[in-house]
Amino acid sequence: MEYNFKEIESNWQAYWAKNKTFAAKDGGDKPKYYVLDMFPYPSGAGLHVGHPLGYIASDIVSRYKRHKGFNVLHPMGYDSFGLPAEQYAIQTGQHPKITTENNIAVYRRQLDKIGFSFDWDREVRTSDPEYYKWTQWIFIQIFNSWYNKTTDKAENISSLISEFEINGNKKVNASCEESVRLFTVSEWKSFSEKEQSDILMNYRLAYLGEAYVNWCPQLGTVLANDEIKDGVSERGGYPVERKLMKQWSMRITAYAQRLLTGLDTLDWTDSLKEAQRNWIGKSEGTSLRFKIAGSDKRIEVFTTRPDTVFGVSFVTLAPEHELVEKLTTPENKTAVEAYVSQAKNRSERERQADINKITGVFTGSYVEHPFTGKQIPIWIGDYVLAGYGTGAVMAVPAHDSRDYSFAKYFGLSILEVVKGGDLEKESYDAKEGVLINSDFLNGLQVKDAVKLAIQEIEIRQLGKGKVNFRLRDAVFGRQRYWGEPIPIYYKNDIPYALIENELPLILPEVDKYLPTEDGEPPLARAASSWKHEGKYDYEHSTMPGWAGSSWYFLRYMDANNASGIADKKLMDYWQQVDLYIGGSEHATGHLLYVRFWTKFLKDLGYINIEEPAKKLINQGMIQGRSNFVYRVNGTNKFVSNGLKKGYDVTALHTDVNIVDNDILDVNAFKKWREDFSTAEFILEDGKYVCGVEIEKMSKSKYNVVSPDDIAEKFGSDTLRLYEMFLGPLEQSKPWNTNGITGVHGFLKKLWRLFYSAGASAPLSDQLIISNDEPTKGELKTLHKTIKKITEDIERFSFNTSISNFMICVNELTDAKCNKRAVLEPLLICLSPYAPHITEELWKQLGHNESISTVSFPDFNEAYLVDDNINYPVSVNGKLKFTLELPSTLTIQEVETEVMNNEQTQKLLDGKQPKKVIVVHKKIVNMVV
RNA sequence: GCCCCGGUGGUGGAAUUGGUAGACACGCAGGACUUAAAAUCCUGUGUCUUCGCGGACGUACGGGUUCAAGUCCCGUCUGGGGUACCA
C-alpha cells in the first residue's frame, strides 16, 4: 500500500473533530499543562508558511505532554479587532464584521489542514460581544480602582473615597497625577460632584487625562508607540505628529516596579527580559530644586548624577515646561516664543531626523546654585523632554554628552568636577573617578559622592532621593470604529461607568467608518440614536488593539462563561500559562500589558497568579526567498542569471511558485502574466536560472508560499516536520523548499518499515509486521531514539529530534526490522511531530484508541551501553593509542585498567602521572 | 550611541556540562534497477597534499587560559534584532 497522505490526513482530521479528541478536561487527577500561542489577527491574505511555525512547535509540546500524562489546555482564537478590516471597510463599505468572519473562516480551514490539536470548543474572538463584554467589565474594574502604594496594590476607589471623607488626602500614598493638590475633609465635602469626579480622575487606574499622543491625521486616530515605525504609522505609512489631547489612559506606571521585579520569576529569554527592563527604564537619582533668582519659585530637576552638582553651569527646560512663559524676560520674549512654537510643531519624526542639530534659546532668567548660590542661566532646549522626569535638567556639560554639545554650541562654561576625561575633546560621562572642585565632595569616588550628595540634598531639604521610570502611562482611547466601545457615558460632563448588567455595550452601526467631518471618532456618527438611557452620550472612542489580548489567556479557561471573565475555580485550576509561544515583536507591547492586567486582576482577588506566562519562547520569523528574472531593457527577452552581465537588464520579481530550485518553469512563466506570453529566453545550459534575494514575505514580492500548497504536494505531516527541521525555533530563517524532499522521504521510509520486506523491496498490500523479539541492536536503536527525542522536546530542540528520527529509521531499515515491539514505541514518539501518519499506522496495527491517548515510552539505559568502548588514551592531551574496554566498567575501574595496560606503561616510561582524567567514558587523559 | 543575540563545508544546520568538529538533510558526482524516465537503493563528498596508506590545516580575525577551546576570557571585524536626546 502506498503512503497516501491526502486520504490519511483528511480522514484523521475528520476523526479528531468528530470525537473531540483534544478537548481539555477541567480538572481530574492528571497534572495540568497550559500551552498557549499568541492568537493571530485574521488578515485578508490568509496564512503563509511563516505563521504556523510557532503553532507547530506548541502543538508538538501539547501532544507530547498529553502522552506524558498531563491534562493539556491548548486553545486557539482570533485577535479580531484591528485596523486592516476597518481600512478595508472604509474603502469598500463592507462591514468589518463580515470581512473578519470571512477571514476567520479561511484561517480556520488552513489551520485545520495542518492537523493541530486545538480544543476548538474554547475558541475566542475578541470582537465577539460575548467576549468584549468582559473586556469592558475589566475596564470598569480598572476605572473603579486606585493604586495604594502603602499596601502596594490596586484597591477599589471606594476605600479612597472613605479616606477622603475621614482625613482628606494628606495621608494618601497613591500612584496619581503629580499635580493633585491637598484638601481637607471639609473641603472634600464642599466640592461639587463634578469637582469630586475630577479629583478622583487623578487617582483612577483608568483615567481621562491630557496626554501628548501620536496623532495621525490621515487615519484620524491616535497610535501607540509600537504602532509607529520610523516616524510613520505602521499601517499605511502615514506621518504622525505630537498633539495634546484628552484621552483615556491606563496608569501602568503604578505597576512599574512590580513589572520589573516580576521578570526575575520568569523563564523568559534574557534578551526579552532585557528589552522589558529597558522599556520600563528604572533610574535612581534625586530630585533637586533650584531657586529662581528674584522669585520664590523653584525649578525642580531630576538627576542620576547628584555627585556632579558643582559642575552645573546652566539649567535647561523643555519647550513645553510650565515656567517657560514666566521666566522669559521681555528682551528675550520674541526669541523664546518663536523657538517654543517651532519646537512644538516639530513632529517626533523631525526631531529624530535632526538628532545632531542643536537648538535652544536663553530665557534671560537665572537660578541660584543650591550649594554655592552662584547665578546659573536658564535655557530652553528641545533635547529635554516634557514627558520625562520633571521636564527640566541641571546641565553638567563636563559629564553629560548632550549638555556638552549644547554648551559648546552656545559657548556656555564647562566645569570639570570628576577627574579622568579630556574635556577639550568630549565630555567624561563615566561613573568612575575622583571628585574635584566640589567642596564637601572633593576626593570622593563617584559612587560615594552620589550617596553623600543625596544625603546632603535631603538634609538641606533641597530635594529627595527618587526613582524615576521611563515607562509612561498607556493611552487607551482610539478614534476608530472597529474596536471595543469604552463603557462610559457622560452626564453633566461627568464620566460614569456602566454597571455589569448593562454590558456588553454593543458597537453601534454607522453609515461610514471614517471620523466625522469635525474630527470626532466614527462612533459619533451613531450618536443621535446611541445614548445611555436614551439621553446621555457614550464615550465615542474605542479601545486599542491590546485590550482584548491582555486577558484572553484567562478566557480560554472558561470560554463560554456568561457570568464572569471565567469561573474562579477554573482559573485556580489552570493557573498560569506553562508555555507561551509567539513572535518577539510583542516584547514591549502586548507582553507588558498582559502582565499589567494580570497583576491588576490579582490585586482585586479575581485571580491568584501574579504573572500570565511562566515560560515564553519567541519563534523566529520565516523570511521569503524571492526569485528574480532579468528582462533585457526595451525587449521582451529574459536573460538567465549567470549571463546577465553582458546585458542592460531590469530585475523583476517572479512568482516563486513557478520556480524550482531557482530554475524557472518557462512555460508557466509565459502563462503567469499576459505581457510575458511572448517572452523569449536566453538560457544557460538549457535552463533559465533565477536570481535570489531574502526579503520579508509579502504578496507584492511574489514570494509568499502558502502552507496549503505544501500540504497539497507533500502532506501536512511533511510540512510540520519540515518547518521544524529548518533550524532552531527561535532563529529567523528564509523559507526554502529545497530540502523538503528529505523529510518527505523520511516519512516514506517510515511507511516502508510497515509495508515492505526491505529497503528496496516492493510495497506490499498487507502490513508486514512480526511479533518476534527484537535483537539487542534494534532495542538499542529504539531506546537511544526515545532518550534523544525526550531530551530534545524538553529543551525545545525540535530540529535535532527530527534528525534523530531519521537516524533511527535508517538504522531500522538497514536492520530490516519490522518488529512490533520496536515500531510501536517509535510511532508514539513520532506522533507529536507527524500525527496523521502515526495515527494511521497505529490503527493498522490493530489499535482502536487514538495514538494520542497512549503513554509516551520510557527509555531503558540498559539497552544503550556498548559491549566494548574504545578509550583513546592520551598523555598531556596528545592522543597516542586506543584501548578496547568493556563499557560496564566504572570510571575508577577504567582508570585502573588503563594504568595497568602495557602500552600505557610504555608511554609513561616509568613516570607517575600527576593526574588521570576520565572524560565522557571515552577519553583518558594523563598529566605527567 | 547604548542593550541583546549571532558568525561552523557548496547550502540549512548538529556538537546538551570545555572532551574524537561537520551529526542529519539538501545539493553535487558516480553506480544499481529500467527500453527510458520517475520513484527507490548503494558509494563518495570540509580544504590542501598523496597513486594509495597517510599527513597538514580547519568553527569570522588577533591574542589568552587549559592536558584539551566552536564552546571560557580580552581585543578587533562583521551580520541581525531592540531602543534612543530618558537627564
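A note on names: the letters A, B, ... follow the listed sequences, proteins ahead of strands, and every chain is numbered from 1.
The side chain of A:N799 contributes an N or O atom lying less than 4.0 Å from OP1 or OP2 of B:A14. OP1 or OP2 of B:A87 has not a single side-chain nitrogen or oxygen of A:Y383 nearer than 4.0 Å. A close approach under 4.0 Å does not occur between any side-chain nitrogen or oxygen of A:Q276 and OP1 or OP2 of B:G82. For B:U40, the OP1/OP2 oxygens have a side-chain nitrogen or oxygen of A:K748 closer than 4.0 Å. OP1 and OP2 of B:A87 both lie 4.0 Å or more from every side-chain N or O belonging to A:R470. OP1 or OP2 of B:A87 sits under 4.0 Å from a side-chain N or O of A:S283.
Residues satisfying the salt bridge (charged side-chain N to carboxylate O under 4.0 Å, His left out) test with A:D400, not counting sequence neighbours, are A:R402.
At the heavy-atom level, A:Q731 lies under 4.0 Å from the strands shown only through sugar-phosphate atoms. Across all strands shown, A:S803 has heavy atoms under 4.0 Å from base atoms, whether or not it also approaches the sugar-phosphate. A:D792 comes within contact range of no nucleotide atom at all, as no heavy-atom separation falls under 4.0 Å. A:K749 comes within 4.0 angstrom of sugar-phosphate atoms only, judged by non-hydrogen atoms across all strands, and of no base.
Taking the nucleotide of RNA chain B with the nearest heavy atom to each of A:G281 and A:P728, the more 5' of the two is matched to A:P728. Taking for each of A:N468 and A:G739 the nucleotide of RNA chain B with the nearest heavy atom, the 5'-most of the two is the partner of A:G739.
One can place CD of A:Q619 at 15 Å from C1' of B:G81, the figure rounded to the nearest angstrom. Counting to the nearest Å, the P atom of B:C26 and the CZ atom of A:F746 are 13 Å from each other. To the nearest angstrom, P of B:C4 lies 14 Å from CG of A:L272. If you measure from atom CG of A:N804 to atom P of B:G13, you get 18 Å, rounded to the nearest angstrom. Atoms CD (A:E723) and C1' (B:G12) sit 14 Å apart, rounded to a whole Å. Atom C1' of nucleotide B:A84 and atom CG of A:D400 are separated by 14 Å, given to the nearest angstrom. To the nearest angstrom, P of B:A87 lies 12 Å from CD of A:E284. Per the geometry, CG belonging to A:N278 stands 17 Å off P belonging to B:G1, to the nearest Å.
For A:W279, whose side chain is taken as the heavy atoms from C-beta onward, the closest listed nucleotide among B:U83, B:C85, B:A25 is B:U83.
Straight-line distance between the P atoms of B:G22 and B:U59: roughly 14 Å, to the nearest whole Å. A gap of 13 Å separates the P atoms of B:G75 and B:C2, to the nearest Å. Taking the C1' atoms as reference points, B:G9 lies 14 Å from B:C57, given to the whole Å. Straight-line distance between the C1' atoms of B:G27 and B:C61: roughly 30 Å, to the nearest whole Å. Separation of the C1' atoms belonging to B:C24 and B:C72 is 28 Å when rounded to the nearest angstrom. Rounded to a whole angstrom, the distance from the P atom of B:G70 to that of B:A21 is 8 Å.
In this structure, A:M38 and A:L591 have side chains that are in contact, with non-hydrogen atoms separated by less than 4.5 Å. A:K408 is listed as a side-chain neighbour of A:I414, based on a closest heavy-atom distance under 4.5 Å. Counting heavy atoms from C-beta on, the side chains of A:I457 and A:V309 never come closer than 4.5 Å.
Using cut-offs of 30° and 60° on the angle between ring planes, the pair A:F406 and A:W379 is perpendicular. Ring planes of A:F725 and A:Y722: tilted class, angle from 30 to 60°. Between A:F805 and A:Y833, the angle of the ring planes goes over 60°, which puts this pair in the perpendicular group of the 30/60° scheme.
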Note to self: Before you tell me yes or no, could you show the steps for A:E2 and A:Y755 under side-chain hydrogen bond (donor to acceptor under 3.5 Å, both in side chains), namely the whole-Å CA-CA distance, both residues' side-chain angles and the distance that decides it to 0.1 Å?
What the structure shows: CA-CA 9 Å; A:E2 287 288 331; A:Y755 283 98; over 6 Å; no
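Secondary structure note: stems in RNA chain B built from 3 or more consecutive Watson-Crick or G-U wobble pairs under 3.5 Å occupy B:1-7 with B:77-83, B:10-12 with B:24-26, B:27-32 with B:40-45, B:46-49 with B:54-57, B:60-64 with B:72-76.
Evaluation of the salt bridge (charged side-chain N to carboxylate O under 4.0 Å, His left out) test over residues 309-319 of chain A, restricted to residues two or more places apart or in two chains, returns none.
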